[in-house]
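Residue numbering restarts at 1 for every chain, and letters A, B, ... go by the order of the sequence lines. Please read all numbers here as calculations on a predicted model, not as lab measurements.
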Protein chains: 2
Amino acid sequence: MPPAPLDDDRLTALGLFLEAHDGLQRRLEPQLAEHGLPPGEFEALLRLARTPGGRLRMSDLASQLRLSTSGASRLVDRLEQRGQAERVACPTDRRGAFAAVTAAGRRDVEAALVEHLELVNRWFCAVLDPEELSALTAALRKVRDVVHPGAAAGAVPDPPPEGGTDPAASPGRSRPSGPGQGRVRGR
Amino acid sequence: MPPAPLDDDRLTALGLFLEAHDGLQRRLEPQLAEHGLPPGEFEALLRLARTPGGRLRMSDLASQLRLSTSGASRLVDRLEQRGQAERVACPTDRRGAFAAVTAAGRRDVEAALVEHLELVNRWFCAVLDPEELSALTAALRKVRDVVHPGAAAGAVPDPPPEGGTDPAASPGRSRPSGPGQGRVRGR
DNA sequence: CCCAACAACTTGCGTGCGCAACTATTCCGC
DNA sequence: GCGGAATAGTTGCGCACGCAAGTTGTTGGG
């Protein structure tokens, strides 16, 4: 018997995913760089800027950025040095801190955003016709929901991995909305 | 007027892509780690193992792995230390080198592969029903072809970026097949 | 009231990567 | 064939990240 399917279809599909992801990143990066924004910093500012108070708990930011808490900590260090964000002490929990966009930070993301959206369009959305795009996002959402439960709205930390794991188990639950929830484990 | 659309649909679509990619990586990594294979090493061995001679020029490997040539160089260093690959001098071009899988390397990928495929299935393919999956791969292929021309078969290095770039410009051409072609610039 | 378990960050350390510089070779025009 | 330009690969350097350990603060049971 053939020892192993070195070119299984599933590998091809996965490879396509990885290549598209990587290529996309490479197309988008340079434009952000023109505005002096590394991609991580850009996404961080974006996430902060579109949050009601313009601020997010460090842990939540980490989770949204798919970074470890230490990664987020240092990212916010950099943003702070650049004057694009600042740390704000949490009044109700003195261990905690918020990262908050500054006016300058908001200005900088917005400045980069218009052009960024054009590129996202050029290299991603406009490459597909409308039905294809919606099929793609629907599929991506399904995958995302399975591999990263808790990224969408109501969040529950991953249960510890079982033996015969069923990815479809325990569909979304609501969360108490109290702060300090919906984290994903630090990777 | 609203200064900038901080939650444009296109950003959502892109975010979905990034989250799905990241989540997938996290699901697949641990299993490879159990076999002592970091994801980069795994993909490298896989690419080498499924190449006719079990070997690839350093530059081609770099390009397939979406790494800079220095990144590939050091990756092969690591594989060599582990005894999973070795460098072979190129007989016709004394500057050049091949990376070649060793028997041990081949054994190791194959050992990890079966389980790996199961996971790819569980977290990616089987999450979607067949039509969804083929729609997804078709869309991914379109995006990949645009953002990373030269990844598919006949490869031509990216032309230097123009001003008003049209992604659909210059569709695939054939290449002379002589060695030392189809590279992507070193990033 | 107190202490132990826990939680939110931060920091020390090691690692992998890209860029730029460097070496060795090949290619090409004259 | 000679000399400069281009090419294949390696190496110095800096940087961002994750893990693990450390710090400070909170919580809940006795």
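Along DNA chain D, the nucleotide nearest to A:Arg95 and the one nearest to A:Arg78 differ in position, and the one closer to the 5' end is contacted by A:Arg78.
Screening A:Leu14, A:Asp9, A:Asp8 against B:Val120 for a side-chain contact (heavy atoms from CB on, under 4.5 Å) leaves a single residue, A:Leu14.
In this structure, A:Leu65 atom CG and D:dA16 atom P are separated by 14 Å, rounded to whole Å. A straight line from CD of A:Glu29 to P of C:dC17 spans 15 Å, rounded to a whole angstrom. Rounded to a whole Å, the CD atom of B:Gln81 is 13 Å from the P atom of D:dT10. As a whole-Å value, the separation of A:Arg94 CZ from D:dT23 P is 18 Å. Rounded to whole Å, atom C1' of D:dA20 lies 12 Å from atom CZ of A:Arg74. We find that CG of B:Leu67 is positioned 10 Å from C1' of C:dG18, with the value rounded to whole Å. With rounding to whole Å, A:Arg87 atom CZ is found 8 Å from C:dT10 atom C1'. The CD atom of B:Gln25 sits 15 Å away from the C1' atom of D:dG18 (whole-angstrom rounding).
Counting any heavy atom pair closer than 4.0 Å across all strands shown, B:Asp93 reaches sugar-phosphate atoms only and no base atom.
Note on residues 44-97 of chain B: no pairs pass ring pair (Phe, Tyr, Trp, His ring centres under 6.0 Å), not counting sequence neighbours. Residue pairs that meet the ring pair (Phe, Tyr, Trp, His ring centres under 6.0 Å) test with at least one member in residues 28-71 of chain B, sequence neighbours left out, are B:Phe42-B:His116.
A heavy-atom distance below 4.5 Å is not found between the side chains of A:Leu119 and A:Arg27.
Salt bridge absent: A:Arg141 and A:Asp145 never bring a charged side-chain N and a carboxylate O closer than 4.0 Å.
Remark: DNA chain D forms stems of 3 or more consecutive Watson-Crick or G-U wobble pairs, all pair distances under 3.5 Å, at C:1-30 with D:1-30.
Classification of the A:His21-B:His21 ring pair by plane angle, with boundaries at 30° and 60°, yields parallel.
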